[in-house]
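Right, one structure below, let's go through it.
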Amino acid sequence: MIRLLRPFQNKSRLVLHRCEAPKTTATQATTIPVPWNTRLRELSKQGHYQQSLTVYRKMLRSGAAPNAFTFPFTLKSCAALSIPIIGTQLHSHVTKTGCLCEPFVLTALISMYAKCLLSEDAYKVFDENPLCKKLTVCYNALIAGYVQNSNLLNGVSLFREMRRMGVSVNAVTMVGLASGCTNPLHMSLGMSLHCLSLKSGFGNDLAAENCLLSMYVKCESIQLARKLFDDIPGKGLITWNAMISGYAQNGLGTHALDLYYEMESSGISPNAVTFVGVLSSCANLGARRIGQEVEQKISNLGLGFNLFLKNALINMHARCGNLARARAIFDEMHEKSLVSWTAIIGGYGMHGLGDIAVELFDEMIRTGILPDGPVFVTVLSACSHAGLTNKGLGYFAAMQRDYGVKPSIEHYSCVVDLLGRAGRLEDARKLIDSMPVEPDGAVWGALLGACKIHKNVDLAELAFHEVVKLEPTNIGYYVLLSNMYTEAENLSGVLRIRLMMRERKLKKDPGCSYIEFKGKIHLFVAGDRSHSQSDEIHSMLSKLQDLIKELDVTKKYNDEKSDRELSTGVGVHSERLAIAFALLNTEIGVDILVIKNLRMCGDCHLFIKMVSKIVDRQFVVRDATRFHHFRGGACSCNDYW
DNA sequence: CTAGGGTTAG
């Protein structure tokens, strides 16, 4: 035994950091490892990985010999901390102690290499130990390893091999593969795994069910996810969380909130993960009060320290118009991640406060945080909204040169937007021509949007031609060009677009507006009469209409058109219905109104401005791109008038 | 060996 432990004890001193002076004597060198293993298991369970490695060092120094019950825990720590250097050392300790014939040690080794992104080494362990090829757990570890290193193909071929060799497949095998189905292209594989799991009776395994549920979510097949969710008899916390965040990630905020309330009434207590999904939905919906209630609840439950939750709260407050609260949370954080910075920078960008967004970005760099792709998207968009064209171009040039972040298609579309809004349409077009990647719909769409602002019909036609090739069913582009033709009084153009839309069977995706009241989202589409207070809303609107006529001395507001819409009830703008609803129901204060799929038009802007003056009330409106503030008597936003 | 989480333009 003594002979066994000496050789690697010395080696370990070289790499396993600093060692305290050994307290043990030679006679203690034969100490049995049991108490050490118990301690290591405890630490591993509690997630104290760093400590468990320290204990392992102490164990070696004390002279206790590690055995097959030691290595799974230490290897797991290396995997969790991603320290391949110590992992490799442990591998040699395993070999020297003759533990390579233990299934648990082999799986831990394979998994350690995989989690350290060394799938080659993981495969070597598997390949060099004939025992592995007989064991389900080893196949599982290697399959999961490949999948985690985004090599789904290798995972699948190993899966085929194990079936060919007659190695039995279990629920863990299935989970390993299903967790790699991360986009719609993987859907058919995911569904055949679902079939396999039904046939093999893994249906009773909650982890397998949850994994399949999140597979459907990631494949953007939210209906199938819901169907599976409904069919799971013993839903656990993770099941609920997977479904709630599934709705949140797919932009179905109302569904997420409904399910959250259902979860609460069914007696399951939410945890931090639940609230992350709920807050993300509140952010997308602009559901300010629900968000505030959730924030209160988080602090009551003592979850306020969670970094994920703080970032979600920053995002929620910023997107619900409460930038001050978002900033306060951000400033109070003692540990800020790149995501925290991205959320707050995006918040300022959205509110048109590009100067502050840029200041924050520079401060982030000074703090020593390395920027990534998403934060550049955010800061470029902030520059674009605030008209900081040159600042934005500076960042675009610096991102690869100074930070090694390769511009992706999203960055190009931001810069096209940046140049386009500044009126530099030719530069934007040249940038598209010089892009190293094929432009996508968003890039041409950004150019098209810029053409609309600067009324350049010729270039718009070119951009439209390109964008429609790439996204033939995206209705927004047809509407955009059609509106440009209307503005330019080009009737034949309008008819041509309408014909195209009819031929392609595209129905107008109705924009909608909604407002949160008493914890519920009240949604309106144009001409909507389905709301229970519809009559009151319409009489409120005609009262407002009359008042506006008196106030609007310059006759900028098209009251004829609005009168016609009001009298027929056809086509009354959704935001007007929402505003009238707000006046009927909510107490005096700031209301946040969200407009989806639409950008606020001039008429709409003027209407809300007038109403906010008439009733001397603040409104915060968030449309497809940004915030608009209406502060009662004085309107701060002069974008249109 | 296995299941759920924050940020990303138009």
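These numbers come from the heavy atoms of this one structure, side chains and all, not from hydrogens, waters or symmetry mates. Letters A, B, ... are given to chains in the order of the sequence lines, protein chains preceding strands, and every chain is numbered from 1.
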What donor-acceptor contacts under 3.5 angstrom involve side-chain atoms of residues 376-387 of chain A, with partners at least two apart or in another chain?
{"unit_1": "T378(A)", "atom_1": "OG1", "unit_2": "P374(A)", "atom_2": "O", "d": "2.9"}
{"unit_1": "S384(A)", "atom_1": "OG", "unit_2": "D417(A)", "atom_2": "OD2", "d": "2.6"}
{"unit_1": "S384(A)", "atom_1": "OG", "unit_2": "R421(A)", "atom_2": "NE", "d": "3.3"}

Show which side-chain atoms of residues 238-245 of chain A pair as donor or acceptor with protein atoms under 3.5 Å away, not counting sequence neighbours.
{"unit_1": "T239(A)", "atom_1": "OG1", "unit_2": "N210(A)", "atom_2": "OD1", "d": "2.7"}
{"unit_1": "T239(A)", "atom_1": "OG1", "unit_2": "G236(A)", "atom_2": "N", "d": "2.9"}
{"unit_1": "T239(A)", "atom_1": "OG1", "unit_2": "G236(A)", "atom_2": "O", "d": "3.4"}
{"unit_1": "N241(A)", "atom_1": "OD1", "unit_2": "T274(A)", "atom_2": "OG1", "d": "2.6"}
{"unit_1": "N241(A)", "atom_1": "ND2", "unit_2": "N271(A)", "atom_2": "OD1", "d": "3.2"}
{"unit_1": "S245(A)", "atom_1": "OG", "unit_2": "N241(A)", "atom_2": "O", "d": "2.8"}

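Contacts of residues 167-176 of chain A with DNA chain B (heavy atom under 4.0 Å): V172(A), V175(A). A heavy atom closer than 4.0 Å to some atom of DNA chain B occurs in S337(A), V339(A), these being the qualifying members of residues 334-341 of chain A.
Atom OH of Y403(A) has more than 12 heavy atoms from other residues, nucleotides or ligands within 6.0 Å.
Under a cutoff of 6.0 Å and an axis angle of 45°, K297(A) and F275(A) do not form a cation-pi pair. A cation-pi contact links K235(A) to F229(A), judged by a cut-off of 6.0 Å to the six-membered ring centre and 45° from its axis.
Counting distance only, with no hydrogens placed and no angle test, the side-chain atoms of S381(A) and the base atoms of dA9(B) include no donor-acceptor pair under 3.5 Å. Remark: the N271(A) side chain and the dG5(B) base include no donor-acceptor N/O pair separated by less than 3.5 Å.
If you check every strand for non-hydrogen atoms under 4.0 Å, K235(A) touches nothing. Residue L313(A) is out of contact with every strand shown, counting any heavy-atom pair closer than 4.0 Å. Across all strands shown, A442(A) has heavy atoms under 4.0 Å from base atoms, whether or not it also approaches the sugar-phosphate. As judged by a 4.0 angstrom heavy-atom cut-off over every strand, L237(A) is placed among the base-contacting residues. Within 4.0 Å of E471(A), counting heavy atoms only, lies no atom of the nucleic acid at all. Within the 4.0 angstrom heavy-atom criterion, no nucleotide atom of any strand lies near A108(A). Heavy atoms of D372(A) sit nowhere under 4.0 angstrom from any nucleic acid atom.
Side-chain N/O atoms of R421(A) include one lying less than 4.0 angstrom from OP1 or OP2 on dG10(B). Between Q249(A) and dG5(B), a side-chain N or O to OP1/OP2 separation shorter than 4.0 Å is present.
With sequence neighbours excluded, the residues that form a ring-ring contact (aromatic ring centres under 6.0 Å, His included) with F126(A) are Y139(A).
Screening residues 133-143 of chain A for salt bridge (charged side-chain N to carboxylate O under 4.0 Å, His left out), with sequence neighbours left out, gives D127(A)-K133(A).
The side chain of N306(A) has dG5(B) as its nearest neighbour among dT8(B), dA3(B), dG5(B). Counting only heavy atoms from C-beta on, A242(A) has its side chain closest to dG4(B) among dG4(B), dG10(B), dT8(B).
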Give the C-alpha distance, both sets of side-chain angles, the deciding distance and a yes or no for salt bridge (charged side-chain N to carboxylate O under 4.0 Å, His left out) between K391(A) and D362(A).
-> CA-CA 11 Å; K391(A) 191 81 187 158; D362(A) 292 343; 3.6 Å; yes
